[in-house]
Amino acid sequence: MKYLIFLTIFLNSLFAESYSSGRTDVAPVNNQLYIKECGSCHFPYQPGLLPTNSWKKMMVNLDKHFGVDATIAPEDFETLSKYLNDNSAEKNMQYKRSNRIVSSLLPGQEADSISTTPYMVQKHREIRKDLITQPDVKGLFNCMACHTTADKGIYSERAINIPNFGRWED
Ligand code: HEC
Ligand code: HEC
């Protein structure tokens, strides 16, 4: 009887794992102003991909945003700062990727971007460098170039298609 219970728990956890892999890795974006203002130059990165202090640092430096001026109107700045703060990675620890990104940073460490967080660097270390720098991708910041469902918050390996390489088989 005891063994049967253990077996049931084991099978349940296997099922839960395969089921969750088809679900979102980070909470999807649900703010129209954010999509409009922060999705015009690149896809709108989910707030759950960075902790609060990293978003704050990025927001106060929008005039020097990766070599471009991404300044926004003061009222939009307030709304979007609050949106990023309320939906940042620490507020979304039930999502696997948000949890891993936060855990990979030292307490209080401010990340300058998502792609340079230790978790992201580690996850992408096996990809050939020329596949990342090729013109169709340009850099790791371009999540959508390889993760076909990044805009839905789904980064599972099944949804990866690297330009001029194809699907990723581990
Ligand atoms: C005027 C264009 C522009 C606007 C508007 C803009 N960005 Fe960016 N952003 C860039 C550029 C350029 C980069 C560097 C990567 C690239 O070339 O796409 C970047 C990079 C980023 C990255 C880092 C990606 C990585 O490598 O991990 C984040 C996060 C980001 N932007 C968030 C935002 C947020 C939040 C807003 C809205 C407040 C915003 N961006 C508005 C141009 C813009
Ligand atoms: C050049 C293509 C490419 C780009 C650009 C890219 N990724 Fe990835 N990503 C991959 C590949 C390939 C893997 C699987 C790596 C492995 O398992 O060894 C991966 C893995 C991941 C994983 C882990 C998924 C899992 O099931 O373990 C996450 C999360 C992720 N990427 C998020 C991002 C985000 C966010 C961005 C943008 C800031 C991004 N990636 C940019 C190709 C890319």
Side-chain angles (χ1 to χ4, degrees), residues 17-18 20-29 31 33-52 54-85 87-89 92 95-104 110-170:
E17 180 62 32
S18 63
S20 72
S21 64
R23 284 168 41 211
T24 52
D25 294 302
V26 294
V29 171
N31 181 301
L33 183 66
Y34 184 77
I35 294 170
K36 181 169 168 273
E37 295 294 338
C38 303
S40 55
C41 298
H42 42 67
F43 97 108
Y45 298 101
Q46 288 87 15
L49 291 170
L50 280 178
T52 308
S54 300
W55 285 125
K56 197 172 171 196
K57 185 182 181 191
M58 195 175 290
M59 290 303 280
V60 298
N61 291 304
L62 279 182
D63 57 329
K64 313 180 277 292
H65 181 76
F66 301 90
V68 301
D69 185 349
T71 324
I72 51 179
E75 63 274 21
D76 293 345
F77 179 84
E78 290 306 320
T79 309
L80 295 182
S81 294
K82 185 175 180 333
Y83 174 64
L84 287 168
N85 178 61
N87 295 280
S88 65
N92 271 297
Y95 286 91
K96 187 173 178 182
R97 308 303 166 192
S98 299
N99 195 312
R100 297 287 163 82
I101 289 167
V102 172
S103 310
S104 80
E110 283 173 341
D112 292 322
S113 68
I114 299 156
S115 49
T116 53
T117 57
Y119 175 71
M120 283 293 154
V121 172
Q122 192 263 333
K123 271 288 167 190
H124 296 99
R125 73 188 187 288
E126 284 175 23
I127 307 167
R128 261 174 33 217
K129 293 291 163 283
D130 62 301
L131 289 175
I132 298 175
T133 54
Q134 61 168 316
D136 289 350
V137 179
K138 297 191 190 73
L140 212 49
F141 62 81
N142 195 3
C143 320
M144 279 295 284
C146 305
H147 294 276
T148 58
T149 51
D151 54 344
K152 298 181 180 70
I154 300 169
Y155 293 91
S156 75
E157 291 192 11
R158 274 176 294 165
I160 295 173
N161 190 355
I162 305 178
N164 304 307
F165 177 81
R167 293 174 64 87
W168 186 263
E169 321 278 357
D170 239 346

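Order of appearance sets the numbers: ligands from 1, and atoms from 1 within every ligand.
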So, regarding Tyr45 and ligand 2 (criterion: nitrogen or oxygen to nitrogen or oxygen, under 3.5 Å), is there a contact or not? no
Atom name of the N, O or S atom of His42 nearest to atom 8 (Fe) of ligand 1 is NE2
Any donor-acceptor pair under 3.5 Å linking the side chain of Asn85 with the backbone of Ser81? no
Tyr34 heavy atoms within 4.0 Å reach ligand 1 at atoms 35 (C)
Protein contact to atom 32 (C) of ligand 1 [nearest heavy atom, distance to 0.1 Å]: Met58 SD, 3.6 Å
Considering only heavy atoms, does Glu126 approach ligand 2 within less than 4.0 Å through its side chain, its backbone, both, or neither? side chain
His65, any N or O under 3.5 Å of ligand 1 N or O: yes
Of the backbone and side-chain N, O or S atoms of Cys41, does one lie nearer to atom 8 (Fe) of ligand 1 than 2.8 Å? no
I'd like to check whether Ser115 has a polar contact with ligand 1, where a contact means an N/O of the residue lying under 3.5 Å from an N/O of the ligand. yes
Below 2.8 Å, any N, O or S contact between Cys143 and atom 8 (Fe) of ligand 2? no
Just to be sure I read this right, does ligand 2 sit under 4.0 Å from the backbone of Tyr155, its side chain, both, or neither, counting only heavy atoms? both
Does Arg100 reach ligand 2, in the sense of a heavy atom lying below 4.0 Å from it? no
Heavy-atom distances under 4.0 Å decide this one: backbone, side chain, both or neither, for Arg125 against ligand 2? neither
Spell out, as yes or no, whether a donor-acceptor pair under 3.5 Å connects the side chain of Tyr119 to the backbone of Arg97. no
Return the closest protein heavy atom for atom 13 (C) of ligand 1 as residue, atom name and distance. Phe66 CB, 3.5 Å
Which label fits His147 and His124: parallel for a plane angle under 30°, tilted from 30 to 60°, or perpendicular past 60°? perpendicular
Under 4.0 Å, heavy atoms only, figure out whether ligand 2 is touched by the backbone of Asn142, its side chain, both or neither. backbone
Evaluate His147 for polar contact with ligand 2, using N/O atom pairs at a separation under 3.5 Å. yes
If we number the atoms of ligand 2 from 1 as shown, the ones under 4.0 Å from a heavy atom of Cys146 are 1 (C), 2 (C), 3 (C), 4 (C), 5 (C), 42 (C), 43 (C)
Using a 3.5 Å distance criterion without hydrogens, assess whether the side chain of Asp63 forms a donor-acceptor pair with backbone atoms of Thr71. no
Which atoms from ligand 1 have a heavy atom of Ser40 less than 4.0 Å away? 5 (C)
Atom 8 (Fe) of ligand 1 reached by Cys38 (N, O or S, under 2.8 Å): no
Atoms of ligand 1, numbered as shown, that sit under 4.0 Å from any heavy atom of Ile114: 25 (C), 27 (O), 29 (C)
What residue and heavy atom of the protein are closest to atom 41 (C) of ligand 2, and at what distance? Leu140 O, 3.3 Å
Is there any N or O on Ser156 that sits under 3.5 Å from an N or O of ligand 2? no
Using non-hydrogen atoms of the residue, decide whether Asp25 is closer than 4.0 angstrom to ligand 2. no
Atom 16 (C) of ligand 1: nearest protein contact (heavy atom, Å): Phe141 CE1, 3.2 Å
Proximal ligand 2 atoms for Gly139, defined as those under 4.0 Å from one of its heavy atoms: 5 (C)
Spacing of CD1 belonging to Ile72 relative to CG belonging to Leu62, to within rounding of 0.5 Å: 5.5 Å
Among the heavy atoms of Val68, does any lie under 4.0 Å from an atom of ligand 1? yes
